[in-house]
Amino acid sequence: MSEKNVIFGVMDCNNFFVSCERVFNPALEGKAVVVLSNNDGCSVSRSKEAKDLGIKMGTTAFNVQREFIDKGHPVEMCSSNYVLYGDMSRRVMSVLQSVVPDIEIYSIDEAFIDFSGMSKEQIDEKAKEIVCKVRKYTGIPVCVGVGHTMTLAKAANRFAKNFKGYNGYCHIDSDEKRIKALKLLEIGGVWGIGRRLSKILTARGIKTAYDFTKQSAYWVKKNLGVNGLRTYDELSGRADFGIEENAAKQSITISRSFGEMVKDKEQLGVAISNFAVSGAEKLRAQHSAAESVTVYITTNFFRNDLPQYYNTATIEFPEATNSTVEIVRECKRGLDSIFRDGFKYKKGGVILGGIIPENQVQQNLFVESSYDKMKNINNLLDSVNHKFGRNKLHLAVQGNTATFGDAAEKWQMRREHLSKNYTTNLNEIITLKV
DNA sequence: TCTGGGGTCCTAGGACCC
DNA sequence: TCTGGGGTCCTAGGACCC
């Protein structure tokens, strides 16, 4: 493996959600901007100006208002618009793939690239082309990092982001550069070392990635487990992670905090049913089926003044399914078994597990198969909703979701600063001022 | 005032078996 | 009667990622 010249790249969008908002609202350029989480809870993406002001990841909208805006620092807050970001992500990835075909999409704003076998000059050229073309065709600024392992490529990417001189591209291509980079990289900034581990390591005097690589493998394995050892190897230049085929997901979760607390079982049922519908759609979109579904509901554990309750129910399907009707029905049954009166519920969710390819579903001989009938209903739901918009055709148990966004239901999200679906909804297409 | 959502993987510990 | 030791399976919880 090592005789082949294996080289990894990682492309990462800068402040992705903020950058998406700016593409369609250029007035946000140069300003402190934050994108808020669901329910306008806390900041999840910040512009450079917002970071410079000292707004942290996870700062609540309330604190942004009180600590910054009210004190005379203007900050623009946007509700998150995942439909828009998802669509922009697809565009970014397709431009990337037109430059380098061999990629693995890792998250909404990030992809690994296989540069193996290319010369240094070829990689330089491709990487610069990625940065330039993605910006030109989508409006999104990105950085590319390159190295001999995925963890080193991530480190290079970090340098490309943090130092302007790189112009969005950094390549750790020699052992001298690797050591120099690792000495500058604080331990908490290493991919794979989170808050918890970095606290433990710092307490032992291990402050940089370089310090970490100077420990013995035995010590690392003993104290950080196998994952820590992998990171250790990767930083030392021994590749342990590889670019994988985009594997189908092993579980699918759909959960939301509610806009307002919900006491009522009917309302909870509407919310859970909607989660179940989304989950079934996701299953069908990736041509898979689930063997089981877990429903959970919880009160708000931040509220010490209220009685707390949390419970889950897992139901195994007689045979793996991706049918909206079946999944909704079983979720309702699950909810019936765990619902308790007298609590104010803050959040609920549906988790589909035991996911297998659709074409591997074992027909259970003891159950009268309704497979074909269900398939027809699902095809109808998918085709109508794809053509006319989400939830245009829905089940009665989903409630009044045709007016999704009107916040008619208490469980729906609060999104007071929502941008429009510029790219995906003809009715909200961008308006040009002339 | 309110503290997101969606994933993966590993480990420790209990239950059970011989 | 005693109280070892190994194995498997399952689950809850913890850690990480974006």
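In what follows, every chain begins at residue 1, and chains take the letters A, B, ... in the order their sequences are listed.
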Is there any protein nitrogen or oxygen under 3.5 Å from a nitrogen or oxygen in nucleotides 9-13 of chain B, and what are the pairs?
unit_1	atom_1	unit_2	atom_2	d
B:dC9	OP2	A:Gln250	NE2	3.1
B:dC10	OP1	A:Arg230	NH1	3.4
B:dC10	OP1	A:Arg230	NH2	3.2

Exercise. Mind calculating the distance between CD1 (A:Ile355) and P (B:dG6) to the nearest angstrom?
Key: 13 Å
Quiz item: Between B:dG6 atom P and A:Glu281 atom CD, what is the distance in whole Å?
Solution: 14 Å
Quiz item: Are A:Asp233 and A:Thr149 close enough, and set up right, to give a side chain to side chain contact (heavy atoms under 4.5 Å, CB included), and what steps lead you there?
Solution: CA-CA 9 Å; A:Asp233 280 339; A:Thr149 70; over 6 Å; no
Practice problem: Could you tell me the separation between the NZ atom of A:Lys346 and the C1' atom of B:dC2, rounded to a whole number of Å? | Solution: 8 Å
Quiz item: Just how far, in rounded Å, is C1' of C:dC16 from CZ of A:Phe241?
Solution: 10 Å
Distance-only donor-acceptor pairs under 3.5 Å for side chains of residues 91-102 of chain A, two or more places apart:
unit_1	atom_1	unit_2	atom_2	d
A:Arg91	NE	A:Asp87	OD2	3.0
A:Arg91	NH2	A:Asp87	OD2	3.0
A:Ser94	OG	A:Arg91	O	3.4
A:Gln97	NE2	A:Pro101	O	3.2
A:Ser98	OG	A:Val95	O	2.6

Quiz item: Looking for any heavy atom pair under 4.0 Å, which part of the strands does A:Lys199 touch: base, sugar-phosphate only, or nothing?
Solution: nothing
Exercise. Name the closest nucleotide to the A:Tyr106 side chain, picking from C:dC17, B:dG6, B:dT1.
Key: C:dC17
Quiz item: Is there a donor-acceptor contact under 3.5 Å linking the side chains of A:Asn15 and A:Ser45?
Solution: no
Quiz prompt | N or O in side chain of A:Ser251 less than 4.0 angstrom from B:dT8 OP1/OP2 | solution = yes
Quiz item: Within the structure shown, what part of the strands sits under 4.0 Å from A:Ile108 by heavy-atom distance: base, sugar-phosphate, or nothing?
Solution: nothing
Exercise. Looking at every strand, decide which applies to A:Leu36 at a 4.0 Å heavy-atom threshold: base, sugar-phosphate, or nothing.
Key: nothing
Quiz prompt | Canonical and wobble pairing (Watson-Crick, G-U, under 3.5 Å) of DNA chain B, dot-bracket with | | solution = ....||||||||||||||
Self-check item: Listed nucleotide nearest any side-chain atom of A:Lys249, set C:dC18, B:dG7, B:dT1
Solution: B:dG7
Quiz item: What distance, rounded to whole Å, do you find between the two P atoms, one in C:dC18 and one in B:dT3?
Solution: 24 Å
Self-check item: Selection from B:dT1, B:dG4, B:dG5 that lies nearest to any side-chain heavy atom of A:Ser255
Solution: B:dG5
Quiz item: Which comes earlier along DNA chain B counting from the 5' end, the contact point of A:Phe302 or that of A:Arg256, where each point is its nearest nucleotide?
Solution: A:Phe302
Quiz item: Distance under 6.0 Å and angle within 45° of the ring axis: does A:Lys183 meet both against A:Tyr210?
Solution: yes
Quiz item: Are the side chain of A:Arg178 and the backbone of A:Asp173 linked by a donor-acceptor contact shorter than 3.5 Å?
Solution: no
Quiz item: Looking at the angle O4'-C1'-N9-C4 for a purine or O4'-C1'-N1-C2 for a pyrimidine, is C:dC2 syn or anti, with syn meaning within 90° of 0?
Solution: anti
Exercise. Rounded to the nearest angstrom, tell me the gap between atom OH in A:Tyr85 and atom P in B:dG4.
Key: 17 Å
Exercise. Side chain of A:Asn38 only, please: which of B:dG5, B:dT1, B:dG7 is the nearest?
Key: B:dG5
Quiz item: Between A:Arg66 and A:Phe17, who's closer to the 5' end of DNA chain B by nearest nucleotide?
Solution: A:Arg66
Quiz prompt | Nearest heavy atoms of A:Val293 and A:Cys331, plus distance in Å | solution = CG2-SG, 3.7 Å
Quiz item: Has the side chain of A:Ser43 got a donor or acceptor atom that lies under 3.5 Å from a matching backbone atom of A:Val34?
Solution: no
Quiz item: Base, sugar-phosphate alone, or nothing: which one does A:Val64 contact when heavy atoms must sit under 4.0 Å apart?
Solution: nothing
Practice problem: Measure from CZ on A:Phe62 to P on B:dG4 and round the result to the nearest Å. | Solution: 16 Å
Quiz item: How long is the line joining CG of A:Asp40 and C1' of B:dC2, in whole Å?
Solution: 11 Å
Quiz item: Between A:Asn63 (CG) and B:dT3 (P), how many Å, whole number?
Solution: 12 Å
Exercise. Go through C:dC18, B:dT8, B:dT3 for me and flag the one nearest to the A:Lys154 side chain.
Key: C:dC18
Quiz item: Between B:dG5 and A:Ser257, is there an OP1 or OP2 to side-chain N/O distance shorter than 4.0 Å?
Solution: yes
Quiz item: What orientation do A:His171 and A:Tyr169 show, parallel under 30°, tilted 30 to 60°, or perpendicular over 60°?
Solution: tilted
Practice problem: Decide whether A:Asn300 and A:Arg303 meet the rule of one side-chain donor and one side-chain acceptor closer than 3.5 Å. | Solution: no
Exercise. Classify the angle between the aromatic ring planes of A:Phe17 and A:Tyr85 as parallel (below 30°), tilted (30 to 60°) or perpendicular (above 60°).
Key: parallel
Exercise. Could you work out which one of B:dG6, C:dC18, B:dG5 sits closest to the side chain of A:Thr253?
Key: B:dG6
Practice problem: For a ring pair (Phe, Tyr, Trp, His ring centres under 6.0 Å) with A:Tyr345, tell me which candidate from A:Phe339, A:Phe301, A:Phe258 qualifies. | Solution: A:Phe339
